[in-house]
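Okay, structure first, notes after.
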Amino acid sequence: MKAGFIGLGIMGKPMAKNLLKAGCELYVNDLNKDAVAELVAGGAKEGDYETIGKECDIVLMILPNGAIVQDVLFGENGLAGYLKPGTVVCDMSSVTPTESCTCAEKLAAMQIGFVDSPVSGGEPKAIDGTLAFMAGGNEADFEKLKPYFDAMGASALLIGKSGSGSVTKLTNQVIVNLTIAAVSEAFVLCSKAGADPEKVYQAIRGGLAGSVILDAKVPMMIERNFKPGGKISINHKDIKNVMATAHSIDVPMPLTSQLFEIMQYLKVTGHFDEDHAGIVQYFEKLAGVEVKKVNA
Ligand SMILES: NC(=O)c1ccc[n+]([C@@H]2O[C@H](COP(=O)([O-])OP(=O)(O)OC[C@H]3O[C@@H](n4cnc5c(N)ncnc54)[C@H](O)[C@@H]3O)[C@@H](O)[C@H]2O)c1
(Lines give C-alpha, C1' and ligand atoms only; values in the text may rest on other atoms or scores of the structure.)
Protein backbone atom coordinates (compact mmCIF):
# COMPACT_ATOMS: atom_id res chain seq x y z
CA MET A 1 0.00 0.00 0.00
CA LYS A 2 1.23 3.48 -0.88
CA ALA A 3 -0.71 6.73 -0.49
CA GLY A 4 -0.61 10.48 -0.07
CA PHE A 5 -2.30 11.75 3.11
CA ILE A 6 -3.31 15.39 3.54
CA GLY A 7 -4.57 16.77 6.86
CA LEU A 8 -2.94 15.59 10.09
CA GLY A 9 -5.27 17.10 12.70
CA ILE A 10 -7.25 15.53 15.54
CA MET A 11 -8.56 12.86 13.15
CA GLY A 12 -5.94 12.66 10.42
CA LYS A 13 -2.89 12.17 12.62
CA PRO A 14 -4.05 8.93 14.30
CA MET A 15 -5.56 7.68 11.03
CA ALA A 16 -2.23 8.18 9.24
CA LYS A 17 -0.43 6.44 12.12
CA ASN A 18 -2.73 3.41 11.69
CA LEU A 19 -1.88 3.29 7.98
CA LEU A 20 1.82 3.27 8.87
CA LYS A 21 1.16 0.47 11.37
CA ALA A 22 -0.51 -1.52 8.58
CA GLY A 23 2.69 -1.22 6.51
CA CYS A 24 1.51 1.56 4.18
CA GLU A 25 4.16 3.75 2.52
CA LEU A 26 2.81 7.22 3.26
CA TYR A 27 3.53 10.70 1.87
CA VAL A 28 2.08 13.21 4.35
CA ASN A 29 1.19 16.88 3.98
CA ASP A 30 -0.14 19.48 6.44
CA LEU A 31 0.31 23.20 7.08
CA ASN A 32 1.23 22.22 10.64
CA LYS A 33 4.89 21.22 10.39
CA ASP A 34 4.95 19.71 13.91
CA ALA A 35 2.28 17.23 12.86
CA VAL A 36 4.25 16.39 9.70
CA ALA A 37 7.44 15.90 11.78
CA GLU A 38 5.61 13.54 14.15
CA LEU A 39 4.50 11.34 11.24
CA VAL A 40 7.92 11.47 9.60
CA ALA A 41 9.45 10.30 12.91
CA GLY A 42 7.01 7.38 12.71
CA GLY A 43 8.17 6.33 9.24
CA ALA A 44 6.19 8.53 6.80
CA LYS A 45 7.77 10.75 4.14
CA GLU A 46 6.88 14.42 3.78
CA GLY A 47 5.26 15.03 0.40
CA ASP A 48 4.46 18.25 -1.45
CA TYR A 49 1.71 18.07 -4.09
CA GLU A 50 4.19 17.32 -6.88
CA THR A 51 5.75 14.40 -4.99
CA ILE A 52 2.34 13.02 -3.99
CA GLY A 53 1.17 13.29 -7.60
CA LYS A 54 4.27 11.51 -8.90
CA GLU A 55 4.47 8.75 -6.27
CA CYS A 56 0.88 7.94 -5.37
CA ASP A 57 -2.15 6.37 -7.08
CA ILE A 58 -4.24 6.86 -3.95
CA VAL A 59 -4.62 10.20 -2.12
CA LEU A 60 -6.51 10.44 1.17
CA MET A 61 -7.47 13.76 2.73
CA ILE A 62 -9.22 14.83 5.92
CA LEU A 63 -9.42 18.62 6.15
CA PRO A 64 -11.54 21.09 8.16
CA ASN A 65 -14.16 21.97 5.52
CA GLY A 66 -15.20 21.86 1.88
CA ALA A 67 -13.71 25.24 0.95
CA ILE A 68 -10.27 24.04 2.07
CA VAL A 69 -10.70 20.73 0.20
CA GLN A 70 -11.57 22.64 -2.99
CA ASP A 71 -8.60 24.94 -2.49
CA VAL A 72 -6.14 22.06 -1.89
CA LEU A 73 -7.37 20.29 -5.03
CA PHE A 74 -8.17 23.11 -7.44
CA GLY A 75 -6.57 26.28 -6.03
CA GLU A 76 -3.53 27.91 -7.62
CA ASN A 77 -0.89 25.17 -8.02
CA GLY A 78 -3.39 22.78 -6.44
CA LEU A 79 -2.92 19.05 -6.05
CA ALA A 80 -5.21 18.11 -8.97
CA GLY A 81 -2.71 19.63 -11.40
CA TYR A 82 -0.09 17.06 -10.34
CA LEU A 83 -2.22 13.90 -10.21
CA LYS A 84 -1.88 11.14 -12.84
CA PRO A 85 -4.95 9.82 -14.67
CA GLY A 86 -6.16 6.70 -12.87
CA THR A 87 -5.40 8.10 -9.41
CA VAL A 88 -8.21 7.83 -6.86
CA VAL A 89 -8.75 10.70 -4.41
CA CYS A 90 -10.70 9.98 -1.23
CA ASP A 91 -12.05 12.95 0.70
CA MET A 92 -12.77 11.86 4.27
CA SER A 93 -13.63 15.41 5.42
CA SER A 94 -17.21 16.29 6.41
CA VAL A 95 -18.50 18.56 3.62
CA THR A 96 -21.75 19.17 1.74
CA PRO A 97 -22.92 16.63 -0.86
CA THR A 98 -22.76 19.45 -3.43
CA GLU A 99 -19.08 20.05 -2.63
CA SER A 100 -18.37 16.31 -2.98
CA CYS A 101 -20.15 16.18 -6.35
CA THR A 102 -18.15 19.22 -7.57
CA CYS A 103 -14.88 17.43 -6.70
CA ALA A 104 -16.06 14.22 -8.40
CA GLU A 105 -17.09 16.03 -11.59
CA LYS A 106 -13.94 18.15 -11.91
CA LEU A 107 -11.65 15.16 -11.25
CA ALA A 108 -13.62 12.85 -13.58
CA ALA A 109 -12.87 15.33 -16.38
CA MET A 110 -9.17 14.65 -15.66
CA GLN A 111 -9.69 10.82 -15.58
CA ILE A 112 -9.15 10.88 -11.82
CA GLY A 113 -11.48 8.93 -9.53
CA PHE A 114 -13.09 10.46 -6.45
CA VAL A 115 -14.83 8.93 -3.45
CA ASP A 116 -16.39 11.03 -0.69
CA SER A 117 -16.02 8.99 2.47
CA PRO A 118 -16.50 10.93 5.68
CA VAL A 119 -16.08 9.09 8.95
CA SER A 120 -17.87 8.64 12.23
CA GLY A 121 -16.39 7.73 15.60
CA GLY A 122 -14.36 10.80 16.54
CA GLU A 123 -10.83 10.87 17.91
CA PRO A 124 -11.12 7.72 20.11
CA LYS A 125 -12.07 5.53 17.14
CA ALA A 126 -9.53 7.25 14.90
CA ILE A 127 -6.88 6.20 17.46
CA ASP A 128 -8.26 2.64 17.85
CA GLY A 129 -8.60 2.20 14.08
CA THR A 130 -12.32 1.46 14.45
CA LEU A 131 -13.89 4.34 12.48
CA ALA A 132 -17.00 3.88 10.35
CA PHE A 133 -16.55 4.95 6.72
CA MET A 134 -19.60 6.01 4.67
CA ALA A 135 -18.73 6.26 1.00
CA GLY A 136 -20.13 7.74 -2.21
CA GLY A 137 -18.62 6.95 -5.61
CA ASN A 138 -18.21 4.02 -7.95
CA GLU A 139 -17.60 0.42 -6.91
CA ALA A 140 -14.16 0.10 -8.60
CA ASP A 141 -12.75 3.19 -6.85
CA PHE A 142 -14.27 2.07 -3.53
CA GLU A 143 -12.59 -1.35 -3.88
CA LYS A 144 -9.18 0.31 -4.43
CA LEU A 145 -9.68 2.23 -1.18
CA LYS A 146 -10.97 -0.75 0.84
CA PRO A 147 -7.54 -1.87 2.23
CA TYR A 148 -6.96 1.68 3.50
CA PHE A 149 -10.42 1.83 5.10
CA ASP A 150 -9.76 -1.56 6.71
CA ALA A 151 -6.51 -0.26 8.25
CA MET A 152 -8.25 2.80 9.71
CA GLY A 153 -11.73 1.56 10.50
CA ALA A 154 -14.07 -1.20 11.61
CA SER A 155 -16.58 -0.76 8.79
CA ALA A 156 -16.78 0.79 5.32
CA LEU A 157 -19.95 0.89 3.29
CA LEU A 158 -20.50 2.20 -0.23
CA ILE A 159 -23.85 3.98 0.03
CA GLY A 160 -24.23 4.99 -3.60
CA LYS A 161 -23.22 7.64 -6.12
CA SER A 162 -20.93 10.61 -5.44
CA GLY A 163 -22.20 12.81 -2.63
CA SER A 164 -24.03 10.00 -0.83
CA GLY A 165 -21.19 9.51 1.67
CA SER A 166 -21.55 13.19 2.59
CA VAL A 167 -25.35 12.88 2.79
CA THR A 168 -24.89 9.96 5.20
CA LYS A 169 -22.48 11.99 7.36
CA LEU A 170 -24.95 14.90 7.55
CA THR A 171 -27.64 12.43 8.67
CA ASN A 172 -25.23 11.12 11.31
CA GLN A 173 -24.45 14.65 12.54
CA VAL A 174 -28.12 15.57 12.96
CA ILE A 175 -28.64 12.49 15.13
CA VAL A 176 -25.44 12.92 17.17
CA ASN A 177 -25.82 16.63 17.91
CA LEU A 178 -29.57 16.60 18.55
CA THR A 179 -29.05 13.66 20.92
CA ILE A 180 -26.37 15.61 22.81
CA ALA A 181 -28.82 18.54 23.04
CA ALA A 182 -31.61 16.26 24.33
CA VAL A 183 -29.25 14.66 26.87
CA SER A 184 -28.12 18.15 27.95
CA GLU A 185 -31.67 19.41 28.48
CA ALA A 186 -32.60 16.28 30.46
CA PHE A 187 -29.52 16.38 32.70
CA VAL A 188 -30.04 20.07 33.47
CA LEU A 189 -33.56 19.12 34.57
CA CYS A 190 -32.44 16.33 36.91
CA SER A 191 -29.60 18.46 38.30
CA LYS A 192 -31.84 21.40 39.15
CA ALA A 193 -34.34 18.97 40.69
CA GLY A 194 -31.53 17.90 43.06
CA ALA A 195 -30.71 14.41 41.73
CA ASP A 196 -27.07 13.35 41.39
CA PRO A 197 -26.51 13.26 37.59
CA GLU A 198 -23.90 10.50 38.00
CA LYS A 199 -26.50 8.25 39.65
CA VAL A 200 -29.18 9.24 37.12
CA TYR A 201 -26.75 8.28 34.35
CA GLN A 202 -25.97 4.90 35.96
CA ALA A 203 -29.70 4.25 36.47
CA ILE A 204 -30.76 4.92 32.88
CA ARG A 205 -27.81 3.82 30.76
CA GLY A 206 -28.95 0.18 30.56
CA GLY A 207 -32.48 1.12 29.47
CA LEU A 208 -33.98 2.62 26.34
CA ALA A 209 -32.29 6.01 26.93
CA GLY A 210 -28.88 4.33 26.89
CA SER A 211 -26.66 5.10 23.89
CA VAL A 212 -23.09 5.46 22.74
CA ILE A 213 -23.62 9.23 22.98
CA LEU A 214 -24.96 9.04 26.55
CA ASP A 215 -21.90 6.97 27.55
CA ALA A 216 -19.45 9.26 25.74
CA LYS A 217 -20.82 12.66 26.72
CA VAL A 218 -22.51 12.50 30.15
CA PRO A 219 -19.26 11.64 32.01
CA MET A 220 -17.61 14.59 30.24
CA MET A 221 -20.43 16.93 31.32
CA ILE A 222 -20.27 15.75 34.93
CA GLU A 223 -16.48 16.05 35.04
CA ARG A 224 -16.66 19.47 33.32
CA ASN A 225 -14.24 18.14 30.73
CA PHE A 226 -14.89 19.85 27.41
CA LYS A 227 -11.52 19.07 25.84
CA PRO A 228 -12.17 18.12 22.18
CA GLY A 229 -12.76 15.40 20.59
CA GLY A 230 -15.28 16.81 18.25
CA LYS A 231 -15.13 20.61 18.54
CA ILE A 232 -18.34 22.66 18.61
CA SER A 233 -16.85 24.64 15.67
CA ILE A 234 -16.62 21.50 13.50
CA ASN A 235 -20.14 20.40 14.43
CA HIS A 236 -21.46 23.94 13.87
CA LYS A 237 -20.02 23.69 10.34
CA ASP A 238 -21.74 20.32 9.85
CA ILE A 239 -25.11 21.59 11.08
CA LYS A 240 -24.74 24.67 8.85
CA ASN A 241 -24.14 22.23 5.95
CA VAL A 242 -27.24 20.25 7.00
CA MET A 243 -29.38 23.40 6.88
CA ALA A 244 -27.97 24.50 3.50
CA THR A 245 -28.60 21.03 2.05
CA ALA A 246 -32.09 20.84 3.56
CA HIS A 247 -33.03 24.29 2.23
CA SER A 248 -31.77 23.39 -1.25
CA ILE A 249 -34.15 20.41 -1.46
CA ASP A 250 -37.07 21.78 0.61
CA VAL A 251 -36.76 19.67 3.74
CA PRO A 252 -38.01 21.49 6.84
CA MET A 253 -35.69 20.80 9.82
CA PRO A 254 -37.45 22.37 12.85
CA LEU A 255 -35.32 20.67 15.50
CA THR A 256 -32.00 21.07 13.67
CA SER A 257 -32.61 24.76 12.93
CA GLN A 258 -33.04 25.37 16.67
CA LEU A 259 -29.89 23.37 17.34
CA PHE A 260 -28.01 25.62 14.91
CA GLU A 261 -29.05 28.71 16.89
CA ILE A 262 -27.89 27.00 20.11
CA MET A 263 -24.52 26.46 18.43
CA GLN A 264 -24.50 30.12 17.36
CA TYR A 265 -24.93 31.08 21.03
CA LEU A 266 -22.00 28.82 21.96
CA LYS A 267 -19.93 30.44 19.20
CA VAL A 268 -20.50 34.03 20.36
CA THR A 269 -19.97 33.12 24.02
CA GLY A 270 -16.51 31.63 23.42
CA HIS A 271 -17.16 27.87 23.47
CA PHE A 272 -16.26 27.15 19.83
CA ASP A 273 -13.08 25.21 20.58
CA GLU A 274 -14.68 22.98 23.20
CA ASP A 275 -16.03 19.45 22.68
CA HIS A 276 -19.68 19.30 21.65
CA ALA A 277 -20.46 17.83 25.10
CA GLY A 278 -20.19 21.58 25.90
CA ILE A 279 -23.65 22.07 24.32
CA VAL A 280 -24.87 21.42 27.88
CA GLN A 281 -23.64 24.90 28.86
CA TYR A 282 -26.40 26.56 26.81
CA PHE A 283 -29.09 24.68 28.76
CA GLU A 284 -27.27 25.31 32.05
CA LYS A 285 -27.32 29.05 31.37
CA LEU A 286 -31.07 28.98 30.74
CA ALA A 287 -31.79 27.13 34.01
CA GLY A 288 -29.06 28.68 36.17
CA VAL A 289 -27.61 25.34 37.22
CA GLU A 290 -24.54 23.20 36.45
CA VAL A 291 -24.55 19.45 35.70
CA LYS A 292 -22.07 18.14 38.28
CA LYS A 293 -21.88 15.56 41.04
CA VAL A 294 -24.00 16.31 44.11
CA ASN A 295 -21.66 17.32 46.98
CA ALA A 296 -18.82 17.78 44.47
N1 LIG B 1 -12.84 15.75 15.34
C2 LIG B 1 -13.82 14.87 15.21
O3 LIG B 1 -14.33 14.29 16.19
C4 LIG B 1 -14.32 14.51 13.84
C5 LIG B 1 -15.09 13.33 13.71
C6 LIG B 1 -15.53 12.95 12.42
C7 LIG B 1 -15.24 13.76 11.34
N8 LIG B 1 -14.51 14.92 11.50
C9 LIG B 1 -14.23 15.71 10.31
O10 LIG B 1 -12.87 15.49 9.95
C11 LIG B 1 -12.33 16.69 9.38
C12 LIG B 1 -11.07 17.07 10.16
O13 LIG B 1 -11.43 17.27 11.51
P14 LIG B 1 -10.32 17.42 12.66
O15 LIG B 1 -11.07 17.43 13.95
O16 LIG B 1 -9.22 16.46 12.43
O17 LIG B 1 -9.81 18.91 12.33
P18 LIG B 1 -8.43 19.60 12.76
O19 LIG B 1 -8.68 21.05 12.67
O20 LIG B 1 -7.92 19.01 14.03
O21 LIG B 1 -7.41 19.13 11.58
C22 LIG B 1 -7.40 19.66 10.31
C23 LIG B 1 -5.97 19.61 9.81
O24 LIG B 1 -5.95 20.10 8.45
C25 LIG B 1 -4.79 20.89 8.31
N26 LIG B 1 -4.95 21.81 7.17
C27 LIG B 1 -5.79 22.87 7.06
N28 LIG B 1 -5.66 23.44 5.84
C29 LIG B 1 -4.72 22.72 5.18
C30 LIG B 1 -4.14 22.82 3.89
N31 LIG B 1 -4.49 23.79 3.04
N32 LIG B 1 -3.19 21.92 3.55
C33 LIG B 1 -2.79 20.94 4.40
N34 LIG B 1 -3.31 20.80 5.64
C35 LIG B 1 -4.25 21.68 6.02
C36 LIG B 1 -4.64 21.61 9.63
O37 LIG B 1 -3.34 22.12 9.82
C38 LIG B 1 -5.00 20.49 10.60
O39 LIG B 1 -3.87 19.74 10.99
C40 LIG B 1 -13.43 17.75 9.43
O41 LIG B 1 -14.04 17.84 8.18
C42 LIG B 1 -14.37 17.21 10.50
O43 LIG B 1 -15.69 17.67 10.32
C44 LIG B 1 -14.03 15.29 12.72
Side-chain angles (χ1 to χ4, degrees), residues 1-24 26 28-29 39 56-66 68-69 72-73 87-104 107 112-177 212-213 216 229-230 234-235 237-238 241-242 245:
M1 291 197 290
K2 184 172 173 182
F5 196 107
I6 305 178
L8 303 169
I10 290 176
M11 297 298 288
K13 203 198 290 181
M15 291 164 78
K17 285 183 180 174
N18 282 330
L19 287 172
L20 288 175
K21 245 186 255 166
C24 183
L26 216 54
V28 295
N29 183 288
L39 265 293
C56 306
D57 296 327
I58 299 286
V59 180
L60 308 159
M61 52 176 71
I62 181 153
L63 293 161
N65 59 50
I68 293 176
V69 170
V72 164
L73 282 170
T87 301
V88 177
V89 174
C90 178
D91 182 22
M92 305 180 290
S93 323
S94 304
V95 306
T96 66
T98 306
E99 287 165 332
S100 297
C101 290
T102 301
C103 290
L107 291 172
I112 294 164
F114 179 82
V115 174
D116 46 294
S117 188
V119 298
S120 173
E123 188 186 24
K125 288 183 183 250
I127 293 170
D128 291 354
T130 55
L131 289 167
F133 287 84
M134 43 203 94
N138 72 44
E139 186 91 42
D141 290 341
F142 177 77
E143 286 305 321
K144 286 185 193 162
L145 294 168
K146 195 68 175 43
Y148 301 86
F149 293 152
D150 289 344
M152 296 183 286
S155 70
L157 199 66
L158 181 63
I159 312 294
K161 63 182 171 34
S162 285
S164 54
S166 293
V167 168
T168 308
K169 177 66 184 181
L170 293 185
T171 307
N172 182 81
Q173 292 305 78
V174 169
I175 295 168
V176 168
N177 286 288
V212 174
I213 293 169
I234 289 268
N235 287 278
K237 175 255 313 182
D238 291 339
N241 287 346
V242 167
T245 303

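The basis for the numbers below is simple: all heavy atoms, side chains too, and nothing from hydrogens, waters or symmetry mates.
Annotation: the span from Leu60 atom CG to Ser117 atom OG amounts to 9.5 Å, rounded to 0.5 Å. Of the inter-residue distances, the one linking Cys90 atom SG with Phe114 atom CZ reads 7.5 Å to the nearest 0.5 angstrom. Distance SG/Cys56 to CG/Leu26: 8.0 Å, rounded to 0.5 Å. The line from CG of Asp116 to OG1 of Thr96 is 10.0 Å long, rounded to the nearest 0.5 Å.
Of all heavy-atom pairs spanning Ala135 and Ser164, the tightest one is O-OG, 4.0 Å. Scanning both residues, Val176 and Ile213, for their nearest heavy atoms gives CA-CD1, 3.6 Å. For the pair Leu73 and Cys103, the tightest heavy-atom approach, listed with the atom from each and the gap, is CD1-SG, 3.9 Å. Shown here for Met134 and Val119, the closest heavy-atom pair between the two residues is CE-C, 4.0 Å. Between Ala104 and Ser162, the shortest heavy-atom contact is CB-OG, 3.3 Å. Here the closest non-hydrogen pair linking Val69 and Met61 is CG1-SD, 3.9 Å.
Considering only heavy atoms from C-beta on, Asn172 comes within 4.5 Å of Lys169 through its side chain. The side-chain heavy atoms of Ile234 and Ser94, taken from C-beta on, include no pair separated by under 4.5 Å.
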Pair up each side-chain donor or acceptor in residues 136-152 with any protein partner under 3.5 Å, not counting sequence neighbours, and list the distances.
{"residue": "Asn138", "atom": "OD1", "partner": "Ala140", "partner atom": "N", "Å": "3.2"}
{"residue": "Asn138", "atom": "OD1", "partner": "Asp141", "partner atom": "N", "Å": "2.8"}
{"residue": "Asn138", "atom": "ND2", "partner": "Asp141", "partner atom": "OD2", "Å": "3.3"}
{"residue": "Lys146", "atom": "NZ", "partner": "Asp150", "partner atom": "OD1", "Å": "3.1"}
{"residue": "Tyr148", "atom": "OH", "partner": "Lys2", "partner atom": "N", "Å": "3.2"}
{"residue": "Tyr148", "atom": "OH", "partner": "Lys2", "partner atom": "O", "Å": "3.1"}

Name the atoms and distances for all side-chain donor-acceptor pairs under 3.5 Å in residues 4-20, with sequence neighbours left out.
{"residue": "Lys13", "atom": "NZ", "partner": "Glu38", "partner atom": "OE1", "Å": "3.0"}
{"residue": "Lys17", "atom": "NZ", "partner": "Glu38", "partner atom": "OE2", "Å": "2.6"}
{"residue": "Asn18", "atom": "OD1", "partner": "Lys21", "partner atom": "NZ", "Å": "3.3"}
{"residue": "Asn18", "atom": "ND2", "partner": "Pro14", "partner atom": "O", "Å": "3.4"}
{"residue": "Asn18", "atom": "ND2", "partner": "Ala126", "partner atom": "O", "Å": "2.9"}
{"residue": "Asn18", "atom": "ND2", "partner": "Ile127", "partner atom": "O", "Å": "3.3"}

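Enclosure of atom NZ in Lys125 is not indicated, since only 12 or fewer non-hydrogen atoms of other residues, nucleotides or ligands lie within 6.0 angstrom.
A donor-acceptor pair under 3.5 Å is formed between the side chain of Ser93 and the backbone N or O of Leu63.
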